[in-house]
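Counting begins at 1 with the first residue of the sequence. All values reported here derive from a predicted model rather than from experimental measurement.
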Amino acid sequence: MIDPNEYPQGMFFSRELQKEIRTRFANIDHDNYGKRLFFENSGGSLRLKACLDAVMRMDAHPDCGGRHQKQAECAAQAVKKGYEDLRIMFGCKEQGSIVTCLSASQVMFNIIEAITRSVKGKNIVVSILEHPSAYDSVQYYAEQRGLELRVMQSNPDTGGIDVSEVERLVDQDTVLLSCMYSCNITGAINDIPAFVKAARSIKPDIYIVVDAVQHMPHAVVDISELDIDAMDFAPYKYFGCRGSGIGWLSERCAQLPHHGILCYPKSNWELGSTAPHQFAGYTAIVDYACWVGSHFIDSADRRTLFVEGMMRIELQERALLYRVLEGTKKIRGLRHMEGVHVQCDNPDLTKRDFILPITFDNMDAASAAVELCKRGVYVYERVSTNHYSKRIVESFGLEGVVRVSPIHCHTPQEMDEFLMAVSEVLKL
């Protein structure tokens with residue numbers, strides 16, 4: 001099995017595999033209005049055709065699991081398989097509980113509520129880089145429970161949070177530590193194992209919650225190697241469809257008082273009927289990653305294939321990131337263009353997901369995003385006037401950035417097209 005850390009500049013897929021991969025995504029290079037580059041996957045990724053097919057295949061039938069007809073059994077099997085595949089994605093095997101909601105934000109609010117309602121303490125520690133689903137939930141329940149809110153500050157050089165911030169703020173009275181796996185604006189990957197070690201050395205029974213919404217589509221996550229209490233992600237940012245958010249809970253977290261159907265085990269957080277097509281979609285995502293992995297290793301173990309596939313996806317994206325930053329003999333990369341700046345440009349690409357925050361000397365972030373859109377490159381501005389990005393960009397001393405977020409199904413040639421579009425915008 002390959003180790004992505006041994007390839008600091010990444011590794012491209014073969015042309016043959018890249019071509020096959022692209023056939024599996026819907027609208028990969030166009031939408032209803034024509035040809036385009038969709039570089040806003042952090043807002044919601046390109047969709048696997050198999051996930052879209054799952055909606056029609058499963059949701060066209062009204063049958064519910066637990067009935068006598070064959071279609072009902074089909075629905076029940078899709079849900080069962082979906083739960084199994086969510087555990088493959090988390091790497092949690094049989095440990096802990098899986099919880100689903102309409103969104104990852106709902107999952108996070110429910111988790112933070114359960115912890116703060118039942119666990120005694122005087123403060124909560126959260127990072128300034130958190131998405132509002134994490135930061136606002138922590139702030140809300142801190143106010144509700146009369147807890148001090150302590151905020152870890154960002155490192156503008158790396159775009160992430162240093163472990164020293166955990167050591168500075170966590171103490172014996174800390175109820176929980178909330179930190180994201182990677183920043184949805186800078187792409188910086190936080191050292192979660194180091195965070196956990198530091199926090200538990202201060203308070204062994206602290207609750208630790210990790211937002212993995214941005215990180216899970218780009219690399220392997222392994223709950224079994226992380227001594228944490230909860231993690232969430234959003235399938236629609238992981239090549240899937242909108243309409244669900246997924247969480248994993250440790251045994252002790254799952255046992256905390258929460259809303260639940262009384263006949264179910266205390267560790268079950270699920271409410272109401274399931275949506276079989278959503279679970280068929282989770283299986284389609286795992287099927288896809290396993291299919292990628294099968295081009296590199298031969299294994300009968302689904303988790304092994306999945307891990308290999310995700311590591312190859314990570315390497316492809318790192319190679320694309322390196323190309324955008326450094327360019328080629330024919331076109332300059334972002335690091336070498338005058339008038340554009342890569343913010344939080346950590347030179348160690350093994351510490352970054354492919355999410356680039358850039359700024360232009362000749363215009364503000366919103367105007368630059370519009371100009372790139374005119375040239376068929378879909379990106380998005382993350383600015384201080386928007387609640388979803390205000391805290392983050394201001395922590396770096398910025399008013400806003402253009403967020404550029406391709407994924408692995410994009411090609412080196414598309415990176416070059418993006419660079420040409422940037423060079424045109426710089427001339428305005």
Side-chain angles (χ1 to χ4, degrees), residues 1-4 65 76-101 104 107-108 110-111 114-115 179 181 192-193 195-197 200 204-213 215-235 238-240 244-256 258 260 264-270 274 276 278-294 296-314:
M1 188 170 288
I2 198 166
D3 181 0
Q77 286 300 316
V79 172
K80 181 177 182 293
K81 186 68 164 61
Y83 275 119
E84 292 171 354
D85 284 329
L86 288 174
R87 289 186 173 277
I88 284 176
M89 295 168 86
F90 281 119
C92 60
K93 296 183 179 179
E94 298 300 320
Q95 68 189 106
S97 296
I98 301 292
V99 56
T100 62
C101 289
V107 171
M108 184 62 73
N110 290 344
I111 292 170
I115 295 172
C179 50
Y181 219 129
I192 300 302
F195 282 21
V196 172
K197 182 178 179 180
R200 295 210 184 281
D205 63 347
I206 187 174
Y207 279 75
I208 301 176
V209 180
V210 177
D211 173 0
V213 171
H215 186 58
M216 279 188 69
H218 305 290
V220 176
V221 166
D222 194 339
I223 288 287
S224 67
E225 296 182 355
L226 299 174
D227 186 11
I228 65 173
D229 291 283
M231 178 180 285
D232 72 332
F233 80 93
Y238 203 154
F239 332 139
S244 68
I246 312 298
W248 172 87
L249 310 170
S250 68
E251 294 289 350
R252 68 168 185 160
C253 189
Q255 293 289 337
L256 294 173
H258 58 274
Y264 291 162
K266 289 184 178 180
S267 60
N268 190 324
W269 284 43
E270 298 291 61
T274 56
Q278 294 281 12
F279 287 83
Y282 311 149
T283 290
I285 295 170
V286 176
D287 283 344
Y288 169 72
C290 290
W291 171 78
V292 173
S294 70
F296 301 95
I297 62 171
D298 183 15
S299 175
D301 181 71
R302 192 161 168 82
R303 170 68 182 178
T304 299
L305 286 172
F306 175 82
V307 168
E308 182 71 19
M310 290 306 302
M311 289 194 298
R312 295 292 178 165
I313 284 171
E314 179 182 2

S.K.: Tell me whether R252 forms a cation-pi arrangement with Y207, defined as NZ or CZ under 6.0 Å from the six-membered ring centre and within 45 degrees of its axis.
M.R.: yes
S.K.: Which heavy atom in I285 sits nearest to a heavy atom in P235, and how many Å separate them?
M.R.: CD1-O, 4.4 Å
S.K.: Can you check side-chain contact (heavy atoms from CB on, under 4.5 Å) on I246 and D232, steps first, answer last?
M.R.: CA-CA 5 Å; I246 312 298; D232 72 332; over 6 Å; no
S.K.: Find out whether L249 and V99 are in side-chain contact, i.e. whether some heavy atom of one side chain is under 4.5 Å from a heavy atom of the other.
M.R.: yes
S.K.: List the steps and the verdict of side-chain contact (heavy atoms from CB on, under 4.5 Å) for I228 and V209.
M.R.: CA-CA 6 Å; I228 65 173; V209 180; over 6 Å; no
S.K.: Rounded to the nearest 0.5 Å, what's the gap from CD on E94 to CD on E251? Could you check?
M.R.: 10.0 Å
S.K.: Kindly compute the distance separating CD1 (I192) from CD (E225), expressed to the nearest 0.5 Å.
M.R.: 14.0 Å
S.K.: Are R200 and I208 side-chain neighbours, meaning at least one heavy-atom pair lies under 4.5 Å?
M.R.: yes
S.K.: To the closest 0.5 Å, what do you measure between CE (M310) and CE (M216)?
M.R.: 8.0 Å
S.K.: Taking the six-membered ring for Trp and the full ring for Phe, Tyr or His, determine whether the centres of Y238 and Y282 are under 6.0 Å apart.
M.R.: no
S.K.: Supply the atom-to-atom distance I2 CD1 to E314 CD, rounded to the nearest 0.5 angstrom.
M.R.: 10.0 Å
S.K.: Could you state the interatomic distance from NZ (K266) to CG (N268), rounded to the nearest 0.5 Å?
M.R.: 13.5 Å
S.K.: When you measure from the side chain of H258 to the backbone N and O of S267, does any donor-acceptor pair fall under 3.5 Å?
M.R.: no
S.K.: Classify the angle between the aromatic ring planes of F233 and F90 as parallel (below 30°), tilted (30 to 60°) or perpendicular (above 60°).
M.R.: perpendicular
S.K.: Between atom OG of S250 and atom CG of L226, what is the distance when rounded to the nearest 0.5 Å?
M.R.: 12.0 Å
S.K.: Side-chain contact, heavy-atom cut-off 4.5 Å: L256 with I115?
M.R.: yes
S.K.: Go through R302 and D287 one step at a time and tell me if the side-chain contact (heavy atoms from CB on, under 4.5 Å) criterion holds.
M.R.: CA-CA 9 Å; R302 192 161 168 82; D287 283 344; 2.6 Å; yes
S.K.: Under 4.0 Å between a Lys/Arg side-chain N and an Asp/Glu carboxylate O for D85 and K80?
M.R.: no
S.K.: Closer than 3.5 angstrom, by distance alone: can the side chain of E270 be matched with the main-chain N or O of T100 as a donor-acceptor pair?
M.R.: yes
S.K.: Can S299 and D301 be counted as having a side-chain donor-acceptor contact under 3.5 angstrom?
M.R.: no
S.K.: Is the closest side-chain donor-acceptor distance between S224 and Q95 under 3.5 Å?
M.R.: no
S.K.: I'd like to know if the side chain of W248 reaches the main chain of D229, judged simply by a donor and an acceptor atom lying under 3.5 Å from each other, with no hydrogens or angles considered.
M.R.: no
S.K.: Answer yes or no: is there a donor N or O on one side and an acceptor on the other, between the side chain of R312 and the main chain of F296, under 3.5 Å?
M.R.: no
S.K.: Using modelled atom types only, decide if a donor and an acceptor are shared between the side chain of R303 and the backbone of R87 within a distance under 3.5 Å.
M.R.: no
